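Notes follow the structure.
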Amino acid sequence: MQTEARVGVVNPSPEGGGRRNNGVETTRFKLKQQQQELLQVQKTQIGTVSQLLAGGVAGALSKTCTAPLARLTILFQVQGMHSDAATLRKASIWREASRIVGEEGFRAFWKGNLVTIAHRLPYSSLNFYAYEQYKKLLYMHPGLDSDGKSMGSELCIHFVGGGLAGITAASATYPLDLVRTRLAAQTNVTYYRGICHALRTICLDEGGLGLYKGLGTTLLGVGPSIAISFSVYESLRSFWQAHRPHDSTVLVSLSCGSLSGIASSTAIFPLDLVRRRKQLEGAGGRARVYTTGLFGTFKHIFRTEGFRGLYRGILPEYYKVVPGVGICFMTYETLKMVLADVSSKL
């Protein structure tokens with residue numbers, strides 16, 4: 001009997017051993033994941049100025065790299081405002097790109113890029129910085145402490161923090177976004193000669209509120225867009241690093257950023273299209289096309305151009321977003337690590 005008792009203790013049943021081993025493996029996996037997260041946080045601890053700089057440079061670089069595709073997207077989005085059905089049926093990326101080169105020259109692909117950088121530097125800086133600050137505030141909630149984190153709560157924090165960050169950054173820099181759209185949408189006739197001239201002309205022609213034309217639609221789209229982008233990026237990056245911890249940070253950021261860009265663009269593209277068209281209402285003395293609100297504009301586009309009209313320009317948008325968002329996240333994460341290393345040596 002004693003021998004049997006000893007055997008029972010030393011050699012547990014396979015089923016019980018399997019459960020115990022699974023529990024140990026799960027605990028080890030969680031500890032390993034927490035260590036990796038802590039190491040990642042330590043690597044990227046930087047000050048406010050450095051964080052703003054990293055976000056601004058990341059946004060400006062990604063926008064400059066994808067400026068030609070961004071301009072093509074805008075031109076496709078606004079085609080339905082002053083084009084007939086025959087013109088819309090003939091539209092293609094190659095034909096529009098050839099027209100730009102033939103009529104305006106190759107440099108025209110970067111038309112409005114200076115104001116894009118002027119807008120993207122503060123926008124991206126505020127976006128990334130506000131996201132980090134909103135995350136800290138949300139983590140201070142009693143039910144979301146570090147010991148009780150779950151996948152659902154983490155996703156919720158990233159989504160809400162990203163949405164609030166996008167709204168904050170977009171509201172603060174909106175006039176520059178409107179000017180950027182109008183400069184990029186100019187083709188043969190140059191009505192606005194630069195950033196300062198555009199700001200002054202809009203104020204004279206349309207009043208001070210003209211600088212905020214389309215802001216409501218913008219915030220309605222930017223909130224979900226940035227929320228989706230950050231939550232998808234953070235979730236994919238955490239999953240990737242948990243299963244392949246030794247992969248390059250640059251590769252992880254570039255890949256996860258590209259996928260998050262596709263997800264957010266697909267979800268909010270119709271809102272972005274309406275936003276662009278609202279921004280161009282009355283530009284250059286043109287007659288108003290949409291005399292109703294947001295939903296009325298949606299109905300007008302759907303009735304005149306069909307469902308495809310709501311996604312006009314989505315192809316160049318994908319071509320732009322895949323490298324653009326990937327480059328932005330990759331540059332931001334890389335600069336954070338570089339600046340953290342520099343700060344630690346000073």
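Note that the structure is a prediction, hence the values are computed from the model and not measured.
With contacts defined as side-chain heavy-atom distances shorter than 4.5 Å, the pair Ile301/Arg312 does not qualify. The side-chain heavy atoms of Glu305 and His300, taken from C-beta on, include no pair separated by under 4.5 Å. Contact of the Tyr129 side chain with the Gln51 side chain is registered, since non-hydrogen atoms from C-beta on lie closer than 4.5 Å. Between Cys203 and Leu211 the shortest side-chain heavy-atom distance falls below 4.5 Å.
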Inset, instruction - Apply the test side chain to side chain contact (heavy atoms under 4.5 Å, CB included) to residues His158 and Tyr131: give CA-CA distance (whole Å), side-chain angles for both, the deciding distance (0.1 Å), then the verdict. - result: CA-CA 8 Å; His158 297 151; Tyr131 174 65; 3.2 Å; yes
Legend entry - Verdict with supporting geometry, Phe230 and Phe128, ring pair (Phe, Tyr, Trp, His ring centres under 6.0 Å): CA-CA 10 Å; Phe230 271 117; Phe128 280 107; 5.7 Å; yes
Legend entry - Full working for side chain to side chain contact (heavy atoms under 4.5 Å, CB included) between Thr266 and Tyr318: CA-CA 9 Å; Thr266 304; Tyr318 282 150; 2.6 Å; yes
Inset, instruction - Begin from the C-alpha positions of Tyr123 and Val222 and carry the test side chain to side chain contact (heavy atoms under 4.5 Å, CB included) through to its verdict. - result: CA-CA 12 Å; Tyr123 174 83; Val222 163; 4.0 Å; yes
Legend entry - Step-by-step side chain to side chain contact (heavy atoms under 4.5 Å, CB included) determination, Phe109 to Val101: CA-CA 8 Å; Phe109 281 118; Val101 173; 3.5 Å; yes
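In this structure, Tyr192 and Ala198 approach most closely via the heavy-atom pair CD2-CA, 3.7 Å. The nearest pair of heavy atoms linking Gly261 to Val325 is CA-CG2, 3.8 Å. Here the closest heavy-atom approach between residue Ile195 and residue Ala118 is recorded as CD1-CB, 4.4 Å. Val321 and Ser265 make their closest contact through CG2-OG, 3.0 Å (heavy atoms, listed as atom of the first residue, atom of the second, distance). A pairwise comparison of heavy atoms in Cys328 and Ala58 identifies O-CB, 3.3 Å as the closest pair. Counting all heavy atoms, side chain and backbone alike, Leu219 lies closest to Ala170 at CD2-CB, 4.0 Å.
Ring orientation note: the planes of Phe295 and Phe298 are tilted relative to one another, at an angle of 30° to 60°.
Distance CZ/Arg180 to CD1/Ile117: 11.5 Å, rounded to 0.5 Å. The line from CG of Leu199 to CZ of Arg182 is 10.5 Å long, rounded to the nearest 0.5 Å. Put simply, OG on Ser253 and CD1 on Ile327 are 12.5 Å apart, with the number rounded to the nearest 0.5 Å. Atom CG of Leu52 is separated from atom CG of Leu126 by 7.0 Å, given to the nearest 0.5 angstrom. To the nearest 0.5 Å, the span separating NZ on Lys63 from OG on Ser124 amounts to 9.5 Å. The structure places CZ of Arg120 at 12.0 Å from CG of Leu61, a figure rounded to the nearest 0.5 Å.
Grouping the Ile, Leu, Val, Met, Phe, Trp and Tyr side chains by contacts below 4.5 angstrom, directly or via other members, places Phe302 apart from Ile268. Placement of Tyr139 and Tyr134 within a single hydrophobic cluster is found when ILVMFWY residues are connected by side-chain heavy-atom separations under 4.5 Å, directly or transitively. Both Val179 and Tyr174 belong to a single network of hydrophobic side chains, linked directly or stepwise wherever heavy atoms of I, L, V, M, F, W or Y lie under 4.5 Å apart. In the hydrophobic cluster analysis, where Ile, Leu, Val, Met, Phe, Trp and Tyr join through side-chain heavy atoms closer than 4.5 angstrom, Trp240 is grouped apart from Val322. Transitive grouping of hydrophobic side chains (ILVMFWY, heavy atoms separated by less than 4.5 Å) keeps Leu121 and Leu183 in distinct clusters.
Judged by distance alone, the side chain of His119 and the main-chain N or O of Val115 form no donor-acceptor pair under 3.5 Å. Although no hydrogens or angles enter the test, the distance criterion places no donor-acceptor pair under 3.5 Å between the side chain of Ser171 and the main chain of Thr168. Judged by distance alone, with hydrogens and angles left aside, the side-chain atoms of Ser235 form no donor-acceptor pair with the main-chain N or O of Val232 at under 3.5 Å. Side chain of Thr64 to backbone of Ala60: a donor-acceptor contact under 3.5 angstrom is found. Ser255 contributes no side-chain N or O that, together with a main-chain N or O of Val252, makes up a donor-acceptor pair within less than 3.5 Å. Judged purely by atom type and a 3.5 angstrom limit, Ser260 uses its side chain to pair as donor or acceptor with the backbone of Gly257. Using a distance-only test at 3.5 Å, with no hydrogens or angles considered, no donor-acceptor pair links the side chain of Thr217 to the main chain of Arg275.
The closest side-chain donor-acceptor pair between Thr201 and Tyr191, if any, does not fall under 3.5 angstrom.
No option in Phe239, Tyr233, Phe329 other than Tyr233 meets the side-chain contact (heavy atoms from CB on, under 4.5 Å) test with Cys256.
Counting non-hydrogen atoms of other residues, nucleotides and ligands closer than 6.0 Å to CZ of Arg99 gives a total above 12. Around atom CG of Leu204, more than 12 heavy atoms belonging to other residues, nucleotides or ligands sit under 6.0 Å away.
Evaluation of the side chain to side chain contact (heavy atoms under 4.5 Å, CB included) rule for Phe269 yields Thr73, Gln77, Leu273, Tyr311, Ile314, Glu317 as partners, not counting sequence neighbours.
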